[in-house]
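Below is one structure, written out as structure tokens; comments come after it.
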Amino acid sequence: MKQQLQAISDEQKERWDTVSTGWKKWNEFTMNFLKPMGDAIIKALDIKSNDVVLDIASGTGEPAFSIAAIARNGEVYATDLSEEMLHIARNYADENDINNIEFKVADVSNLPFRDSFFDKVSCRMGFMFFPDMQLATNEIFRVCSDGGKVAISVWAAPENNDWSTTMTKVLSKHIEVSKPSADAPGMFRCAKPGFMKQLFENAGFKNVKEETISGKIDFGTAENYWLNRTEMSEATRKKIKDELIAECNSKLTNGRLVMNYASLIISAEK
């Protein structure tokens with residue numbers, strides 16, 4: 001089983017390294033898109049100025065940077081499987097003289113930190129891709145101090161996230177899109193209400209709360225949507241582009257493509 005989990009982890013690392021260039025190009029757009037989820041996490045964590053905070057699956061650096069701006073007298077550790085993603089984050093920190101944040105390549109299933117080291121732990125949109133989510137939650141519990149807090153976000157039900165499912169809908173008309181098993185990494189793996197709450201309670205967390213936040217992401221045009229989804233993910237078959245654009249154009253509101261999103265915010269205490 002350990003070997004199987006490592007294989008999944010290695011595949012995830014390679015995938016994120018591969019798409020890091022696309023994420024860099026779309027970083028400002030994406031960070032604005034995900035900001036409400038990051039804000040909800042930060043609110044749930046109640047960050048103090050001297051907190052020591054772990055941000056897991058930091059990618060290009062958020063919400064670690066926003067947390068570091070609050071924990072000015074503390075320290076933030078931003079971890080990710082992908083060195084290429086963290087390279088983007090390091091460059092941003094250097095360019096903006098952010099000195100209270102440390103970047104570290106790390107696997108959530110085997111965090112390189114001592115027990116009870118962190119006051120707060122955050123993870124925005126990473127859990128869905130962890131090979132063993134219960135093992136990851138147990139590790140978070142281990143490194144979280146007694147009385148410490150954790151808050152994460154995952155994508156809610158697919159029907160509330162047409163920014164993602166529109167692409168899959170069109171793809172499925174042209175190629176067979178296999179549905180991942182419940183145990184396999186995937187966008188909506190954590191969407192079932194109460195699923196994440198149970199993981200955190202199993203690990204030993206208490207006062208576990210789950211809420212849904214939703215909103216809209218403005219892609220502007222169907223062409224922008226196409227570029228965003230293809231440049232930040234693996235290459236998509238060119239032949240479906242025209243149909244995808246047509247599907248998006250059917251959703252226009254006052255001439256603009258405005259799409260729904262929804263995510264779950266889970267917070268807990270140790």
Side-chain angles (χ1 to χ4, degrees), residues 23 26-47 55-67 121-130 133 137 149-172 179-180 182 185-201 205 207-222 224-229 232-233 244 247-268:
W23 274 75
W26 289 90
N27 194 57
E28 183 177 357
F29 179 88
T30 306
M31 293 307 103
N32 287 334
F33 173 16
L34 298 178
K35 189 176 186 300
M37 287 71 101
D39 289 346
I41 287 172
I42 291 170
K43 180 181 178 181
L45 290 178
D46 188 24
I47 306 292
D55 184 44
I56 298 171
S58 295
T60 58
E62 281 291 348
F65 288 131
S66 295
I67 292 171
V121 182
S122 63
C123 179
R124 186 173 71 176
M125 300 307 176
F127 250 88
M128 306 87 62
F129 306 112
F130 296 158
M133 293 182 292
T137 313
K149 295 183 178 181
V150 57
I152 71 155
S153 65
V154 295
W155 293 117
E159 58 266 25
N160 296 322
N161 283 286
D162 65 348
W163 72 272
S164 175
T165 57
T166 298
M167 175 71 79
T168 307
K169 177 181 177 181
V170 174
L171 273 174
S172 64
K179 185 177 180 180
M187 284 286 292
F188 304 110
R189 183 186 184 196
C190 305
K192 184 178 179 181
F195 175 79
M196 291 302 302
K197 185 174 185 290
Q198 188 63 58
L199 285 182
F200 277 81
E201 289 177 342
F205 286 101
N207 298 327
V208 183
K209 302 174 183 177
E210 182 175 292
E211 62 175 310
T212 300
I213 63 171
S214 60
K216 296 185 180 296
I217 174 66
D218 188 345
F219 286 94
T221 66
N224 278 346
Y225 175 73
W226 165 258
L227 291 173
N228 175 270
R229 298 298 292 137
M232 292 180 64
S233 59
L244 176 63
E247 177 70 20
C248 290
N249 282 334
S250 71
K251 298 175 177 291
L252 294 181
T253 302
N254 297 324
R256 299 191 65 83
L257 181 62
V258 180
M259 308 179 89
N260 301 317
Y261 72 77
S263 73
L264 304 177
I265 305 296
I266 296 89
S267 59

| task | Describe, in one word, how the ring planes of F200 and F205 are oriented to each other, choosing from parallel (under 30°), tilted (30 to 60°) and perpendicular (over 60°). | result | tilted

| Among I152, V150, I41, side chain to side chain contact (heavy atoms under 4.5 Å, CB included) partner for C123 | I152

| remark: Tightest non-hydrogen contact, residues P63 and R124, listed as CD-CB, 3.8 Å

| message | Run L34 and E62 through side-chain contact (heavy atoms from CB on, under 4.5 Å) and show every step you take. | response | CA-CA 9 Å; L34 298 178; E62 281 291 348; over 6 Å; no

| remark: Nearest heavy-atom approach of I42 to S66 is CD1-CB, 3.7 Å

| message | Tell me the closest heavy-atom pair linking A44 and K149, and the distance in Å. | response | O-CD, 3.8 Å

| Are the side chain of N228 and the backbone N or O of N224 linked by a donor-acceptor pair below 3.5 Å? | no

| remark: Residues I265 and S153: closest non-hydrogen pair is CD1-CB, 3.4 Å

| query | Distance from F33 atom CZ to F219 atom CZ, nearest 0.5 Å? | reply | 6.0 Å

| query | Taking C-beta and beyond as the side chain, do M37 and Y261 meet within less than 4.5 Å on heavy atoms? | reply | yes

| query | Taking it one step at a time, do M259 and Y225 satisfy side-chain contact (heavy atoms from CB on, under 4.5 Å)? | reply | CA-CA 10 Å; M259 308 179 89; Y225 175 73; 4.0 Å; yes

| request: Rounded to the nearest 0.5 Å, what's the gap from CE on M128 to CE on M196? Could you check? | output: 9.5 Å

| task | Compare every heavy atom of S263 with every heavy atom of M125, then report the nearest pair and how far apart it is. | result | CE-CB, 3.5 Å

| field | Working for side-chain contact (heavy atoms from CB on, under 4.5 Å), residues T166 and C248 | value | CA-CA 8 Å; T166 298; C248 290; 4.1 Å; yes

| Heavy-atom closest pair, residues L45 and A151 | CD2-N, 3.5 Å

| Euclidean distance, T253 OG1 relative to K216 NZ, rounded to 0.5 Å | 7.0 Å

| Do L227 and W26 have side chains that get closer than 4.5 Å, going by heavy atoms? | yes

| Any side-chain heavy-atom pair from T137 and F127 closer than 4.5 angstrom? | yes

| task | Would you check if N260 and N160 make a side-chain contact, meaning some heavy-atom pair closer than 4.5 Å? | result | no

| message | Between L257 and T221, does the side-chain contact (heavy atoms from CB on, under 4.5 Å) criterion hold? Intermediate values first, please. | response | CA-CA 5 Å; L257 181 62; T221 66; over 6 Å; no

| query | Are any side-chain N or O atoms of N161 and backbone N or O atoms of A262, one a donor and one an acceptor, separated by less than 3.5 Å? | reply | yes

| field | Close side-chain approach of L252 to N249, heavy-atom, < 4.5 Å | value | yes

| Check: F195 and R189 side chains under 4.5 Å, non-hydrogen atoms | no

| query | So W163 and W155, would you call those rings parallel, tilted or perpendicular, with 30° and 60° as cut-offs? | reply | tilted

| request: Mind checking side chain to side chain contact (heavy atoms under 4.5 Å, CB included) for S164 and listing every partner two or more places apart, or none if nothing turns up? | output: M187, F188, R229

| query | What distance do I217 atom CD1 and F29 atom CZ have between them, rounded to the nearest 0.5 Å? | reply | 3.5 Å

